[in-house]
There are 2 protein chains.
Amino acid sequence: MQQSVFKALADPTRRLILRRLGERSMTAGELGQGLDISKPSLSHHFNVLKAADLVRSDRDGQSIIYSLNASVLEETIGLMLELVQGTTSEEQSHAQR
Amino acid sequence: MQQSVFKALADPTRRLILRRLGERSMTAGELGQGLDISKPSLSHHFNVLKAADLVRSDRDGQSIIYSLNASVLEETIGLMLELVQGTTSEEQSHAQR
DNA sequence: GACATATTTAGATAATTATCTAAATATCTA
DNA sequence: TAGATATTTAGATAATTATCTAAATATGTC
């Protein structure tokens, strides 16, 4: 479950898509603009994002509108915060290269 | 820079390592306990985590002590929060499968 | 110095994944 | 229904990555 989310976040194209969807919902075509990548590849990325439930899709006529599902991201942020909060300042001060 | 962090987070073994280091700093050997994986594979994961600057290492005699570098995780959490905060409740309500 | 312990590096292999082209599906309009 | 537009699915290929064994490096102890 978290695995699919982190896998989805690992690709820069997908993170760009999420950033754009953070601004507003968009069609697949709009999301592809300026992204030097084929339509099928883009579609593959949508599938990965949907599998992680990071985005939802809605057909509107010929277009498919994608929107961000913020709650999944929020949960993930929550997990990451727990991790960071486990770290004591004592341990931080010892961290050095 | 962010790419190396998200790539590092994409693997479940590495996330487990980070969770353990969130509790306390540990040697490579300790981190490997109960992890059905070879030493070299574990070492590979340490390298990926170090490349992302998510962990730091310190030699202590024969052992190498790994510790979490929380600041990189914090920055990443910050980026993810920005993304989520871009989403309006209007858009949220439209998100449906 | 020889040996044991802890860990890493080197190199090979198998699994995963990102990408592409071609073809299929869905919708709209004339 | 024919044609145009938007998007996806299928299938192949190339790149990336996780894993392993064997060997190397670093440290401590006798």
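Below, all heavy atoms of this structure are taken into account, side chains as well, without hydrogens, waters or symmetry copies.
- For the pair Asn47(A) CG and dG11(D) P, the interatomic distance rounds to 15 Å; values are reported in whole Å.
- The CD1-C1' distance, from Ile65(B) to dA6(C), rounds to 12 Å in whole Å.
- The side chain to side chain contact (heavy atoms under 4.5 Å, CB included) test applied to Arg19(A) returns Arg15(A), Leu16(A), Leu83(B), not counting sequence neighbours.
- Remark: the backbone N or O of Ala10(A) is paired with a side-chain donor or acceptor of Gln3(B) at under 3.5 angstrom.
- Screening residues 46-80 of chain A for ring pair (Phe, Tyr, Trp, His ring centres under 6.0 Å) gives Phe46(A)-Tyr66(A) as the qualifying pairs, with residues at least two apart or on separate chains.
- The residue Ser63(A) sits close only to the backbone: its heavy atoms come under 4.0 Å of sugar-phosphate atoms, none of a base.
- A distance-only check finds a donor-acceptor pair linking the side chain of Arg14(B) to the backbone of Ala8(B) [under 3.5 Å].
- Contacts of Glu30(A) classified as salt bridge (charged side-chain N to carboxylate O under 4.0 Å, His left out), with partners at least two apart in sequence or in another chain: Arg24(A).
- For residues 8-31 of chain B, the set of pairs meeting the ring pair (Phe, Tyr, Trp, His ring centres under 6.0 Å) definition, not counting sequence neighbours, is empty.
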Original post:
How does each nucleotide of nucleotides 17-30 of chain D score, in 5' to 3' order, for protein heavy atoms under 4.0 Å: base (B), sugar-phosphate only (S), or none (-)?
Top reply: SSBBBB---SBS--
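- For the helix from dG1(C)-dC30(D) to dA30(C)-dT1(D), the rotation axes defined at the first and last 5 base pairs enclose an angle of 20°, given to the nearest 10°.
- Not one side-chain nitrogen or oxygen of Tyr66(B) sits closer than 4.0 Å to the OP1 or OP2 atom of dA6(C).
- Under the 4.5 Å side-chain criterion, counting only non-hydrogen atoms from C-beta, Met26(B) is not in contact with Ile65(B).
- In this structure the side chain of Val84(B) reaches within 4.5 angstrom of the side chain of Ile77(A), judged on heavy atoms.
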